[in-house]
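Chain letters run A, B, ... following the sequence lines, proteins first, then strands; residues in each count from 1.
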Amino acid sequence: MIISPVPTIIANLPNPHSSSHDSNLRRVIISLLHKNRKNPKHVQSIHCHAIKTRTSQDPFVAFELLRVYCKVNYIDHAIKLFRCTQNPNVYLYTSLIDGFVSFGSYTDAINLFCQMVRKHVLADNYAVTAMLKACVLQRALGSGKEVHGLVLKSGLGLDRSIALKLVELYGKCGVLEDARKMFDGMPERDVVACTVMIGSCFDCGMVEEAIEVFNEMGTRDTVCWTMVIDGLVRNGEFNRGLEVFREMQVKGVEPNEVTFVCVLSACAQLGALELGRWIHAYMRKCGVEVNRFVAGALINMYSRCGDIDEAQALFDGVRVKDVSTYNSMIGGLALHGKSIEAVELFSEMLKERVRPNGITFVGVLNACSHGGLVDLGGEIFESMEMIHGIEPEVEHYGCMVDILGRVGRLEEAFDFIGRMGVEADDKMLCSLLSACKIHKNIGMGEKVAKLLSEHYRIDSGSFIMLSNFYASLGRWSYAAEVREKMEKGGIIKEPGCSSIEVNNAIHEFFSGDLRHPERKRIYKKLEELNYLTKFEGYLPATEVALHDIDDEQKELALAVHSERLAICYGLVSTEAYTTLRVGKNLRICDDCHAMIKLIAKITRRKIVVRDRNRFHHFENGECSCKDYW
DNA sequence: TTAGGGTTAG
């Protein structure tokens, strides 16, 4: 522990050698700690003085010191203080458990609670609540259940805070029945308890159950409404989340900054730029404080909705940037194919001494992958553990596989999977398979396809990738087999869907969609563009329309891909030269990519398409991804 | 004399 010089703040302390009473000294020290609780150096000096005056063993002083150290994130000092205390009492244990929790060391918190029980220090409600907090964050269902049993046996009684934490724990761990049982057993189910229960339902994906609890509530405050919006958005019900936000406004419930963060997330995921802009303006009007969450949400919304310049302007305006602010911006730049800028921002972040976390590396490595920066990507990956002490997780390995695969270093990517020490996931195999397809390496593709088809967890996107791979080789029977397996497994192909925002409304199109009221004008425009693009040299690449049908039919299937319909609607419903912004749920196909480049050239429009992986900015016959995605 | 509420991006 560093001993700092005694500052003037303790010059007026009672003299330890005088006859002043201990209680007086204790009171003064505690009061000093309160006054200086935000200044770690002063706290250390006070601690030194407490040691000298032998007050540091006083349970009340030790308790305050420990709490203050935890508050300023000096967890090492807190641990040392705890270890130096003879027979720490339940208060001391609880504060250190709480300290571990706020520091993110959940396992340490859980272990310390167990140690306390082993040492026969009787747990009280506060200690149990702190322990359960750690269990919730660590998703430690087993330990949580043990504590639940301990509480029942000890006769402590199910204190309200304990019951609330148990509802949360069971929800977060996916055992909604147990959460419900706890909730139903609570004598007082007020707005807070209901909010926790709603959160638990959403955590388990039980959207309608959550809404039912919400609808049965008497008074509903801002936090509760926000929980519902957040839950809907987390469960992919973005439009419904926005509807609840409108309803909340109609009912006159004031949104807070958390509400806005959730609403902005819905806009980001819908690609609803105009609505996002409106919300931003509304927030300014309400004087919402732009804290780090709000800043991150705004940067994320603008970049995900295609306006990377606005995201950058916002980022530049944030005075104190933390890791999440940088993460939002680096992720945004990567999404837009601005690879160099993303890597430069990463360097700037390190220079500013902001410590990166695992998410930062997903962003930077993604940027390297989109920009074909193989060597740099490799170096950054190596630095994760060596320099930054961050153990790579499966998504980081996935980025590396993607980086190597995209540039055609397929063997290396395959070996990498074998060496990496974590199990390959289906996304990683899919990315490699896609690389095999692009680089036309059939042998390697078959090896990967075999691994992928044997994978225990494979989603609809991976099935389609596999089926498309076989179809691209003309192996229709294999492709059909994959589709059959998919059907048997009850997995439904996610249909391609594109959306475009015109006059604050989101218009959605499926492939060959005929539902839109403007369908006549849309299809007329499409026909016109098909004609004009052929003059520009466009030849439909029939291999991507992967059904066992003849070429003419394939051409037809391609021609009505959802993104083309959305673009045509944009063209007929907006002023000349207006930028079109389209969102697509799946990856854009080669054929549409080639076609949209020409549409942008012919119509002199900027067309921004967000697909599942990234943004494509089409302008004057070219795309920002340089045909590399 | 020592303390704990429910909602926040990637």
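- Out of B:dT7, B:dG10, B:dT2, the shortest distance to the side chain of A:Asn300 is found at B:dG10.
- Ranking B:dT1, B:dG10, B:dT7 by closeness to the A:Ser324 side chain, first place goes to B:dG10.
- Residue A:Asn327 is in base contact, counting any heavy-atom pair closer than 4.0 Å across all strands shown.
- In the displayed structure, A:Arg612 atom CZ is contacted under 6.0 Å by more than 12 heavy atoms of other residues, nucleotides or ligands.
- Listed nucleotides B:dA3, B:dG4, B:dT8 differ in distance to A:Ser161; the shortest reach to its side chain belongs to B:dG4.
- Residues A:Thr222 and A:Asn256 bring no donor and acceptor atom of their side chains to less than 3.5 Å of each other.
- The side chain of A:Arg67 has B:dA3 as its nearest neighbour among B:dT8, B:dA3, B:dT7.
- A centroid separation of less than 6.0 Å is found between the aromatic rings of A:Tyr93 and A:Phe82.
- Residues of residues 339-366 of chain A having a heavy atom closer than 4.0 Å to DNA chain B, listed by number: A:Asn357, A:Ile359.
- Closest to the side chain of A:Tyr126, from the set B:dG4, B:dT2, B:dT8, is B:dG4.
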**Request:** Dump the intermediate steps for ring-ring contact (aromatic ring centres under 6.0 Å, His included) on A:Tyr397 and A:Phe381, then the final yes or no.
**Result:** CA-CA 9 Å; A:Tyr397 288 107; A:Phe381 180 81; 5.5 Å; yes
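- Taking only side-chain atoms of A:Arg26, from C-beta outward, the nucleotide of B:dG6, B:dA9, B:dT1 with the closest atom is B:dT1.
- Looking only at atom types and distance, the side chain of A:Ser328 has no donor-acceptor partner in the side chain of A:Asn300 under 3.5 Å away.
- Contacts with DNA chain B (heavy atom under 4.0 Å) in residues 217-225 of chain A: A:Asp221, A:Val223, A:Cys224, listed by number.
- Residue side chain A:Tyr91 meets the stacking definition with respect to B:dT2: its ring centre sits within less than 5.5 angstrom of the base's six-membered ring centre, and the planes differ by less than 30 degrees.
- For A:Phe214 and A:Trp225, the gap between ring centers is short of 6.0 Å.
- Here the nucleotide nearest the side chain of A:Thr226, chosen from B:dG4, B:dT7, B:dA3, is B:dT7.
- Ring centers of A:Phe346 and A:Tyr326: at least 6.0 Å apart, outside the cut-off.
- The aromatic ring centroids of A:Phe260 and A:His280 lie 6.0 Å or more from each other.
- Atoms CD1 (A:Ile97) and P (B:dG4) sit 14 Å apart, rounded to a whole Å.
- The distance between atom CG of A:Leu298 and atom C1' of B:dG10, rounded to the nearest whole Å, is 15 Å.
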